[in-house]
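Numbering of ligands and ligand atoms starts at 1, following listing order. All residue numbers refer to positions in the sequence shown, counting from 1. Atoms considered below: every heavy atom in the structure, side chains included; atoms not considered: hydrogens, waters and symmetry mates. On a predicted model such as this, the values are computed, not experimentally measured, just so you know.
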Amino acid sequence: MAKKNTYNAESISVLEGLEAVRKRPGMYIGSVSRKGLNHLIYEIVDNAVDEHLAGFCSFIQVTLEADGSCTVKDNGRGIPVDLHEKGVSAERLVFTTLHAGGKFDDSVYKTSGGLHGVGSSVVNALSVYLDIQVSRDGFIHHDHYERGIPTLELNQGLLPVIGKTKETGTCINFLPDPEIFEKTRFSATEVKSRLHETAYLNPELTILFEDRRGESPEVSEFHEPEGIVGFIRDLNKNTEVLHEPVYLKGENEGITVEAAFQFTNEFRENVLGFCNNIYNAEGGTHLTGFKTTFTSVMNNYARELGILKEKDPNFTGTDIRNGMTAVVSIKHPAPRFEGQTKTKLDNQDASRATGKVVGEQIVLYLDRNLETLKSILSCAEKAAKIRKTEERAKTNLLTKQKYSFDSNGKLANCEKKDPSQCEIFIVEGDSAGGSAKTARDRNYQAILPIRGKILNVEKATIDKVLANAEIKTMINAFGCGFSEGYGNDFDITKLRYDKIIIMADADVDGAHISTLLLTLFYRFMPELIYEGHVYIAMPPLYKAMPKKGKEEYLYDDKALERYRKRQKGPFTLQRYKGLGEMDAQQLWETTLNPDTRMLKRVEIEDARLASSVTEILMGSQVPPRKAFIYEHAKDAELDI
Ligand code: TSJ
């Protein structure tokens with residue numbers, strides 16, 4: 001009797017938990033956009049990765065099914081199905097118990113192994129159905145849930161058995177709930193990228209990915225026996241590298257530390273941190289430890305080699321990491337996370353352990369590899385030189401004009417103040433800017449013209465970009481500041497516009513402007529992109545005017561091809577060269593009017609992708625950038 005009561009009490013709290021998750025899904029999975037949707041897969045897969053880390057699973061298969069569901073299968077021991085003390089199968093508890101607080105709940109820190117094993121009940125609650133088969137002890141045990149509620153009758157607390165097997169493992173099939181998610185199509189690109197990363201971090205694991213949604217199924221296998229060294233090679237695959245990747249590993253205070261790095265001839269650093277296989281978007285103590293030690297070791301070498309003279313100041317950390325690509329991956333028994341998205345590692349012992357391991361191992365390597373050491377130091381010298389020039393330029397600027405962000409320049413603001421209803425167009429060129437100001441609905445549309453030639457400096461350094469008055473006006477107009485590295489002064493809640501729309505010509509200069517703006521956003525205001533506020537206007541290339549019938553705007557050459565096929569009678573074709581050529585009425589119809597315009601939302605789901613994308617975007621050639629835009633063009637939304 002007592003048992004039954006506990007179970008009833010238990011089921012009530014299960015229902016309450018379910019309701020909490022379904023009411024505020026963002027609290028548990030971050031968002032209900034495609035990013036949150038993909039997250040469901042990671043929550044499930046992480047459990048299988050844990051089983052791998054425990055030493056019992058070597059293979060994980062992830063399938064995007066034709067019906068929109070996802071199947072994840074491992075060859076681990078199988079989730080325990082025996083009776084738990086509460087009188088139900090242990091498996092039921094895994095899928096119905098909401099573990100204290102959500103990942104994105106401010107009040108709670110994640111404990112051991114990040115959030116592993118905690119997310120499966122959340123995935124369950126947010127799925128139309130979740131079906132599970134556990135192969136264990138010679139039998140296949142079956143369970144099924146609908147929107148988090150179990151639908152199968154238990155027999156004395158135990159799951160129904162649907163077959164015999166000699167294998168062991170867990171297989172889960174689930175369908176995300178369209179009542180919850182804005183988008184229900186998983187992004188194969190994002191999922192693959194994350195699985196590939198998991199494979200790099202777990203060199204003995206094999207992950208098979210299959211996408212069965214298209215005409216012909218696509219299969220990828222991820223197995224990276226080189227581990228994070230392979231990760232570094234992959235991150236640097238499109239850049240000129242200066243030496244072979246360096247790999248360090250050690251243990252300190254019960255924390256395992258692994259790091260790999262390689263310098264390139266690019267003027268940027270890309271240092272990624274992972275704790276217990278989880279990416280730390282906001283960095284944290286492991287990265288601090290790595291960076292501090294690396295800086296001090298390299299400064300010592302620079303003095304020993306006479307590159308820095310007695311009177312010279314040290315290189316800064318940024319100087320020394322100029323061109324560096326690095327992955328720091330630690331295993332910590334009890335990690336704590338802080339920061340806006342709870343992805344910043346907070347344990348002080350992680351900083352000590354990483355510093356210690358890196359400090360010991362790096363000198364062992366560099367003492368024997370002087371060529372590598374010299375390449376790294378020459379990167380630092382170059383960076384220091386540029387920094388000094390820029391510091392001088394900035395001081396000059398400061399004396400002439402206060403380095404502030406409160407000018408409003410040429411911004412033609414809108415009248416409404418409610419951010420959810422407002423849009424800002426960043427328009428290339430004064431003439432297009434002028435037409436846009438006339439054409440807009442001043443009620444809710446703001447226009448900020450930006451002159452192309454100011455920014456038309458190949459690979460303008462970010463300092464120059466930030467010193468640009470129009471860029472300052474832009475940052476000021478957005479209202480949310482900007483963040484540099486991990487020092488974060490950015491506050492997205494202060495954003496004054498729901499849509500930031502880049503409006504540039506479809507030519508080289510236009511591409512350049514969009515490139516710089518997107519790069520700027522990635523680096524200093526990435527949340528704008530993650531939260532889907534950034535759009536690119538797609539002005540049409542042509543206007544077709546038939547002798548009989550309606551005029552039509554055509555947005556690309558494919559559209560023109562289709563038009564030619566379907567248009568029987570004669571027509572005149574007007575080709576637009578640029579935004580500047582349209583009059584106010586045309587500009588309104590093609591680019592400003594929400595009922596007729598075409599917008600493409602810029603979507604990058606993860607910071608890890610941003611670095612390589614930035615590279616593509618920063619590159620001086622136009623074609624790769626085009627490829628980027630086109631790859632994401634499938635996400636293009638006809639904004640009607
Ligand atoms: F495959 C998968 F990704 F779909 C998935 C696998 C999803 C979930 C929610 C869990 C798992 C999973 C869990 N794979 N392997 C396990 N292992 C256990 O839960 C397990 C097995 C045995 C023992 C033991 O002590 O005997 C303990 C645990 C935690």
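- Of the protein's non-hydrogen atoms, Asp74 OD2, 3.4 Å is the one closest to atom 6 (C) of ligand 1.
- The shortest separation from a heavy atom of Gly76 to ligand 1 is not under 4.0 Å, leaving the residue out of contact.
- The protein heavy atom nearest to atom 19 (O) of ligand 1 is Pro80 CD, 3.5 Å.
- When atom types are taken as modelled, the side chain of Thr168 and the backbone of Gly78 share no donor-acceptor pair closer than 3.5 angstrom.
- Of the possible donor and acceptor atoms, none in the side chain of Asn47 sits under 3.5 Å from a partner among the backbone N and O of Ser120.
- For atom 5 (C) of ligand 1, the closest heavy atom belonging to the protein is Thr170 CG2, 3.9 Å.
- The heavy atom nearest to atom 15 (N) of ligand 1, out of those in Glu91, Glu51, Arg77, is found in Glu51.
- For the pair Arg136 and ligand 1, a heavy-atom separation below 4.0 Å is found.
- With Tyr145 as the fixed residue, the side-chain contact (heavy atoms from CB on, under 4.5 Å) test singles out one of Ile132, Asp131, Leu18: Ile132.
- Relative to atom 4 (F) of ligand 1, the option among Leu130, Val94, Asp82, Val72 with the closest non-hydrogen atom is Val72.
- Residue contacts with ligand 1: Asn47 is placed with no nitrogen or oxygen under 3.5 Å of a nitrogen or oxygen of the ligand (distance criterion only).
- The single protein non-hydrogen atom nearest to atom 13 (C) of ligand 1 is Ile79 CG1, 3.5 Å, given as residue, atom name and distance.
- Geometrically, Lys342 does not engage Phe337 in a cation-pi contact, judged by NZ or CZ lying under 6.0 Å from the ring centre and within 45° of the ring axis.
- Screening Val122, Val123, Ile172 against Phe95 for a side-chain contact (heavy atoms from CB on, under 4.5 Å) leaves a single residue, Ile172.
- Side chain of Asp346 to main chain of Glu338: no donor-acceptor pair is present (N/O by atom type, distance under 3.5 Å, no hydrogens or angles).
- Near Ile44, with a cut-off below 4.0 Å to any heavy atom, the atoms of ligand 1 are 2 (C), 3 (F), 4 (F), 7 (C).
- A side-chain N or O of Glu65 and one of Thr71 form a donor-acceptor pair less than 3.5 Å apart.
- Protein non-hydrogen atoms do reach within 4.0 Å of atom 27 (C) of ligand 1.
- With Asn270 contributing its side chain and Met324 its backbone, the two residues share no donor-acceptor pair below 3.5 Å.
- Remark: minimum distance from atom 21 (C) of ligand 1 to any protein heavy atom is reached at Gly78 O, 3.3 Å.
- Distance from atom 7 (C) of ligand 1 to its nearest protein heavy atom, with residue and atom name: Ile172 CD1, 3.3 Å.
- Every atom of ligand 1 is numbered from 1 in the order shown, and the set under 4.0 Å from a heavy atom of Phe95 is 9 (C).
- Geometrically, Arg321 does not engage Phe294 in a cation-pi contact defined by less than 6.0 Å to the ring centre and at most 45° from the axis.
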